[in-house]
Asker: 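To start, I am sharing the structure in question, which I have written as structure tokens.
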Amino acid sequence: MSQKLILDCDTGTDDAVAIMLAALHPELDLVGVTTVNGNVEVQYCTDNTLRVLDHIGRAEIPVYEGLRRPIVRSDFPVPRHSEVNPSSNIHGRELPLPPATSRKQDTGAVEFLVETYRATTDEIALVPVGPLSNIAAAIAIEPRLVEAVPEVVIMGGGNVKGNATPSAEFNIWADPEAAAAVFAAGFPRITLVPLDATHQALVSREQCQALAALGTPAGEAAATLIGQRITGYDATQPMATPGSAPVHDALCVAYLLHREVLDVQRTHVDVETAGALTVGRTVIDLYSRSGKEPNCDVALGADAGLFVDFMLRTFAPRS
Ligand code: BDR
Ligand code: CA
């Protein structure tokens, strides 16, 4: 039986690869994609999601548009798209894929999440890979969601790394109150996939060539999108191995089928919502200093070879 999931995305380049993995792997059943303001304004995230699904022939997977701003703050951070310096654009505003012909659903993302988890008797994993605004809003409306979601796999945070500020990772920083609400909600099983793990699963230009050589729409799109990421990372935040980039969100999808792709440690995670220099920081209690019960498995390591192999196998032609 395949693993059902819902992806909650702010669709830029790495979200797009995550969507393609979830939509194409035969052991995964992507029930729907919800979008949220993040990498770019939510309407672009929605349009990008539709482009990805159309491009790989999975336009029947429904897309639900979510929140346009954080749950508390009105000062949503300015999207990082740069018209001035396109080479610094890890995401860009519109993904380099043909315009979508399919349309988003009339139902909004938060309503979809609440109604789906109220009604389902199936186990549907929830995989948020953008700011946690939709998820926080859904549990505020329906607190029993916490019992209905068997597993949450979140891309976000960092133990020793930040990328939006020296202290904070983008997804958590972009809506810190939402993130704090999600970690405090009491979900029985949360896995946090922070930068500490995703920066160990780097993809190189040579591996992009191998993806392109698959000759499938997904393989070619992944090569283009990850190539764009490598150019952006080399220009703005070079990785330990230049000419390579993390594909953060896709690692969460790999983990659903290959638990060994991540090294996890059970611990307590809080989110800083007040610190002038540290807002959006995930406070990861690796040495049990807080005395608080663990609420999360945090990934501190990743197996890059396994991850790349998973992408190559998923995007290969099917006989
Ligand atoms: C996260 O932020 C976004 O820019 C990416 O899509 C990813 O989800 C990495 O910090
Ligand atoms: Ca994302």
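First listed ligand is number 1; within each ligand, the first listed atom is number 1. Only a predicted model underlies this, so the values are computations on that prediction, with no experimental measurement involved.
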Asker: Does H248 reach ligand 1 with a nitrogen or oxygen that is under 3.5 Å from one of the ligand's nitrogen or oxygen atoms?
Answerer: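 Checking ligand 1 against H248, no N or O pair falls under 3.5 Å apart.
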Asker: Is the contact between V129 and ligand 1 made by the side chain, the backbone, both, or neither, using heavy atoms and a 4.0 Å cut-off?
Answerer: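 The answer is the backbone.
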Asker: Just checking E60: does its CD atom have more than 12 heavy atoms from other residues, nucleotides or ligands closer to it than 6.0 angstrom?
Answerer: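 Buried by this count: over 12 neighbours within 6.0 Å.
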Asker: For the residue pair F310 and H25, is the inter-centroid distance of their aromatic rings smaller than 6.0 Å?
Answerer: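 Yes - the distance between ring centres of F310 and H25 falls below the 6.0 Å cut-off.
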Asker: Taking only heavy atoms of N163, which atoms of ligand 1 are found under 4.0 Å from at least one of them?
Answerer: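 What qualifies from ligand 1 is 9 (C), 10 (O).
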Asker: Going by heavy atoms in the side chains, are L262 and V193 under 4.5 Å from each other?
Answerer: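 In contact.
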Asker: Looking at residues at least two apart in the chain, or sitting in another chain, which of them share a salt bridge (Lys or Arg N to Asp or Glu O under 4.0 Å) with D8?
Answerer: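 Partners of D8 under the salt bridge (Lys or Arg N to Asp or Glu O under 4.0 Å) test: none.
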Asker: Between K4 and E123, does any side-chain N to carboxylate O distance fall below 4.0 Å?
Answerer: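 Looking at K4 and E123, the cut-off is not met.
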Asker: Report the part of D15 (side chain from C-beta onward, or backbone N, CA, C, O) that has a heavy atom under 4.0 Å from ligand 1; answer both or neither where that applies.
Answerer: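 Side chain only; the backbone of D15 stays clear of ligand 1.
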Asker: The Ca ion (ligand 2): which protein N, O or S atoms are under 3.0 Å away?
Answerer: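 For the Ca ion (ligand 2), the protein N, O and S atoms that sit under 3.0 Å away are D10 OD1, D15 OD1, D15 OD2, V129 O, D249 OD2.
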Asker: Do the charged groups of D270 and K292 touch, with an N to O distance under 4.0 Å?
Answerer: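 Between K292 and D270 there is a salt bridge, with a charged N closer than 4.0 Å to a carboxylate O.
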Asker: Considering T11, D249, D10, N39 one by one, which has a heavy atom nearer to atom 8 (O) of ligand 1 than any of the others?
Answerer: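 The nearest heavy atom belongs to D249.
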Asker: Is it possible for you to check whether R259 lies under 6.0 Å from the centre of the six-membered ring of Y255, through NZ or CZ, and within 45° of that ring's axis?
Answerer: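 Verdict for Y255: a cation-pi partner in R259.
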Asker: Counting from 1, what ligand 1 atoms have a heavy atom of E169 closer than 4.0 Å?
Answerer: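 Listed by number with element: 1 (C), 2 (O), 9 (C), 10 (O).
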Asker: Using a strict threshold of under 4.0 Å (side-chain N to carboxylate O), is an ion pair present between R189 and E147?
Answerer: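 No, this pair does not count.
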Asker: Is any side-chain N of the basic residue among K161 and D196 closer than 4.0 Å to the acidic one's carboxylate O?
Answerer: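 Looking at K161 and D196, the cut-off is not met.
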Asker: As a check for students: among D14, N171, T198, identify the option with a heavy atom nearest to atom 2 (O) of ligand 1.
Answerer: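 Ranked by closest heavy atom to atom 2 (O) of ligand 1, first place is N171.
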Asker: Look only at the side chain of R229 and the backbone of I90, and say whether a donor-acceptor pair between them is shorter than 3.5 Å.
Answerer: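 No; judged by distance alone, with no hydrogens or angles, the pair does not exist.
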Asker: Using a 4.0 Å heavy-atom cut-off, say whether I90 meets ligand 1 through its side chain, its backbone, both or neither.
Answerer: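 No part of I90 comes within reach of ligand 1.
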Asker: Any atoms of ligand 1 less than 4.0 Å from a non-hydrogen atom of M155? List them with their elements.
Answerer: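 Near M155, the atoms of ligand 1 are 1 (C), 7 (C), 8 (O), 9 (C).
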